[in-house]
Engineer: 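For reference, the structure I am asking about is given below.
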Amino acid sequence: MSSRLGGGMGFLATITEGIAVALDALGANKIRSGLTILGVTIGVLVVMVMAAVITGINSSFSEIMSSRGISTFYVAHWDFTSMMDIDIGGDDEEGGDFMKNEPLDPRWARELGRLPEIEKASAFFEAGGPPGSGYQASVSSDRVEISLYGTGSDFLEIDNGDLVQGRWWTESESERRTQVAVIDSATAFDLFGSRNPLGRDINIGRRGESASFKVIGLYRPPANLFAGLATHYVFVPFPTADKVLQVWDRMLNFIVRPKPDVPLQRALDVTHARLRQIRGLKPGEEDDFALMTQDQLVDVWGQLTGVLFIVMVGLSSIGLLVGGVGVIGIMMISVTERTREIGLRKSLGARQRDIMWQFLVEASTLTVMGGSAGMLIGGGIVWALNTFSPVPATTPLWAIIAALGASAMTGIGFGLYPASRASRLEPVDALRYE
Amino acid sequence: MTVNTGAETVAPMIVTRDLKKDYVMGAETIHALAGVDCVIQRNEYVAIMGPSGSGKSTLMNMIGCLDSPTSGEYILNNQAVQDLDDDELARIRNRDVGFVFQTFNLLPRATSLHNVELPLIYAGVSSKERRKRAEHALDIVQLADRMDHKPNELSGGQRQRVAIARALVNDPSIVLADEPTGNLDSSTSSEIMDVFDKLHEAGQTIIMVTHENDIAAHANRVITLIDGKISSQTTETSNQITQPPKVVLEAASAIPSASQPPAPKSTSPTGETP
Ligand SMILES: Nc1ncnc2c1ncn2[C@@H]1O[C@H](COP(=O)(O)OP(=O)(O)OP(=O)(O)O)[C@@H](O)[C@H]1O
Ligand SMILES: [Mg+2]
C-alpha cells in the first residue's frame, strides 16, 4: 500500500501532537503546571528586566559622560575610583583617604581656572540622591527631599542641564552669599503646585536648621538616568551654602574642562602639579587629592555593573533552576501517570524516539510558555520603566534570545531524563502498569 | 499446512516454534508459555480459549510484538521477529498488527477521530490523508457520527468500535483482540462480534482471546491453552477464503450496506449514548 513509506512519524505531526498533549496536560493540572511555569517565568523575567535596566543605564551613563565633553575631568580630595578596592581590601583605617585627607578649598578652583591649559574649573558641593542627602526644601508645611548642589555661577557652562525659566545667579551674588536658589520642576511642582515659583521663598536645610532662599530660576536636568534618579534638584551658590547650610566640605569636588586644543594628559599634568603646589606637598610625598577622568569613572561604573550583572545571572539561573526542578518533577509525575498511555502509544507503533520526542516537546512547551510569560511581563515592566520612571530601560536582543533559549534549554535538559525513562518501557509492561 | 491459492503456495502468516515465556518471581519461575507451537494462516479466524492464567494474553502479546519471548521462534509474514530491533518491532506493531484490548485503551482526552489517527501519525501519514483514512475506518465500524466525541461521551460498545477502527486504520495483516467483549454486556458483545465477523468476511485475519463459548463459536478454529501449552485445537472449518486480502478496508466498507437487510440486530445508526 502507498502508506508503507519509509521513515517514521512526521516531524511536524509529532511537534503539533506534543504541543497539543502538553497544553492538554497543562489544562488538566492547572496548579501543578502553573507552579512549574512560574519558576521559569520568574527566571526569564529577572534576566529581561535586569538586562534592560543595565543596558539602559550603561548607555545613559556613556551619554552623560560624553555630553560633558570627553576631556572634562574631576578633582576630589580622595580617589573614589578606588572605592571598589577598599571594599574588597577590607580594613583600611576608618573612612580611608576620604576622612584622612584635607578637603578641597573652593578658591583653588579659581586658581586652576587661571592655568593657560584650563578653560574652566568649577567647585561644586553635592549632597545627592534621595533619600540620604538629608536636605529638604519646604514651603510652609509642604516639604520634599532634595539633592542639594552648591555650585559656582558658571556651573551651567559645564553641566548639561538647561535653565528653562528665570536666571542663574551672578558671580557677585555668589560672592555676597546671597540666598538665592535654582530649582527643578519636580521640586517646584511639589512645593508650589501650578503656581509660578519664581520670586517665591523656600526653606532649605536639614535636622531642623534651615535658611530661606529666593527662587530665581527653573532648571531642567539633562535627559539621562542620573538626572532622573536624583530628581528634586536644588542649586544654591556655593559660598552661601557654605555659610548658612553647614555643608560638609568633604563633599566638595571640582569639575575641570581643559581648553579644546589641549591634550587631556597635558591638562591633567599641569593640574596635578598646580594642586601639589597649592597643597604644599614636598617631592616624594604622596598626593592627598585625586584627579579622575571620564574613562576612570566609566571603569568604576563598569565594575559596579559587572557585579550587578553577576548578581543578575545568579538570580535568573536560580529562577531557571527552580523552574527546571519543577519541570523534572512534573515530567516524572506526568510520565508515571501516563505509563499506560506510553504503553498504548508503543503498541500502536511509536518508537522510543517518538515517545522521547513527545515528552521533550511537552517539557519544552511548558518552559517556553513560562519563558514567554516571563518575557511578556518583563516587556511590560521595561515599558513601564520607560514610560513612568526615569530609568531608560531598553531590551537588548541578546536578552530576549538568551531568555527564550534558556527556558527551552531548561525544558529540554530537565525533560530528558524522564522522557528517556519512559521511552524504554516495554509496551506490555507499560500497559499493565496500574 | 499451507493455503492453496491456485498454483502457488502461500507461506503461513504466523508460525511459532517452542515459544516460551518465563516470569521469575523470587525463587519461583512461572512458565506463562511453556512451549507453544502453532501455525496460523492468512484469513483465519482463530479463537484462543483456556482457563484464567493459562497464558492466553501472554501469547497474544507475543504475537502482537508487545512482549518478547524468553526462548523460541516466532515468524510473522516470513520475518523472524526475535531478530528484530526496537525500531523494526515498532514498525511491525504499527503496520502489521492491529490490537484490540479488553479495556479499550483509548486516549481519554482525545476525540474518536484523533484516537483512530494515532497509528497513522506514527506511520508518518500526512494529516489530510490521516483524516480521510480515520474517517473511513470509523465509517466501517458505523461511528461516522461520533467522530468528535471523546471516550467519556461514548458507550462501552462504541468505545470498543473506536478501538477496532484504530486497529484497522493501518490495514494490518492481523487483528488481535484480547477479550474484546470482556467488559461489555451480551447484546453489545454481539454488536462487536458482528463487526469482527464482517471484517473476517472481507478477508481480515483475526485472532481473538475469549472465555465464552458463544464468542468462540464465531471463529473457524479454537485453540485451547492449558498451563502455557496448547492442549487441543479444533480443525479448521471449510469456509476459508482462499483469495488473499488485497485491501481489507475497501472490501469491508462495502459490507455494511450489503449486509444491512439480513442483519436485523446490528447497531442502530444512532448508537447509544449514556
Ligand atoms: N508480568 C508478569 N509477571 C509475572 N507473572 C506474570 C506476568 N504476566 C503474566 N504472568 C503470569 O503468567 C501466567 C499467564 O498469564 P496470562 O495473563 O497470559 O493469563 P491469561 O490466560 O490471559 O489469563 P486471563 O484469562 O485471566 O486473562 C499467569 O500465571 C500470570 O500470573
Ligand atoms: Mg488475559
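Note that the coordinates shown come from a computational prediction; the quantities given were computed from them, not determined experimentally. By convention in this document, chain letters (A, B, ...) are assigned in the order of the sequence lines, proteins followed by strands, and residues within each chain are numbered from 1.
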Engineer: Hey, are B:Tyr122 and A:Arg351 close enough side-chain-wise for a donor-acceptor pair under 3.5 Å?
Structural biologist: no
Engineer: If you round to the nearest 0.5 Å, how far is CG of B:Asp67 from CG of A:Asp429?
Structural biologist: 6.5 Å
Engineer: Hey, is the main chain of A:Leu348 close enough, under 3.5 Å, to the side chain of B:Asn94 for a donor-acceptor pair?
Structural biologist: yes
Engineer: Side chain from CB out, backbone as N, CA, C, O: work out which of these in A:Arg432 comes under 4.5 Å of a heavy atom of chain B, or both, or neither.
Structural biologist: side chain
Engineer: Do any of residues 74-90 of chain B come closer than 4.5 Å to chain A, heavy atom to heavy atom, and if so which ones, in number order?
Structural biologist: B:Asp86, B:Asp87, B:Ala90
Engineer: Please tell me if the side chains of B:Arg166 and A:Leu344 come closer than 4.5 Å, counting only heavy atoms from C-beta onward.
Structural biologist: yes
Engineer: Can you say whether B:Ser126 sits under 4.5 Å from chain A via the side chain, the backbone, both, or neither, judging by heavy atoms?
Structural biologist: neither
Engineer: Roughly how far, to the nearest 0.5 Å, is CG of B:Leu118 from OG of A:Ser347?
Structural biologist: 9.5 Å
Engineer: Chain A heavy atoms under 4.5 Å from B:Asn105: which part of the residue, side chain, backbone, both or neither?
Structural biologist: both
Engineer: Nearest heavy-atom pair of A:Lys346 and B:Arg93: which atoms, and what distance?
Structural biologist: O-CD, 3.2 Å
Engineer: Determine whether A:Glu341 and B:Pro108 make a side-chain contact, defined as any pair of heavy atoms from C-beta on separated by less than 4.5 Å.
Structural biologist: no
Engineer: Using the test side-chain hydrogen bond (donor to acceptor under 3.5 Å, both in side chains), find all partners of A:Gln352 that sit at least two apart in sequence or belong to another chain.
Structural biologist: none
Engineer: Answer yes or no: does atom CE of B:Met147 have more than 12 heavy-atom neighbours from other residues, nucleotides or ligands under 6.0 Å?
Structural biologist: yes
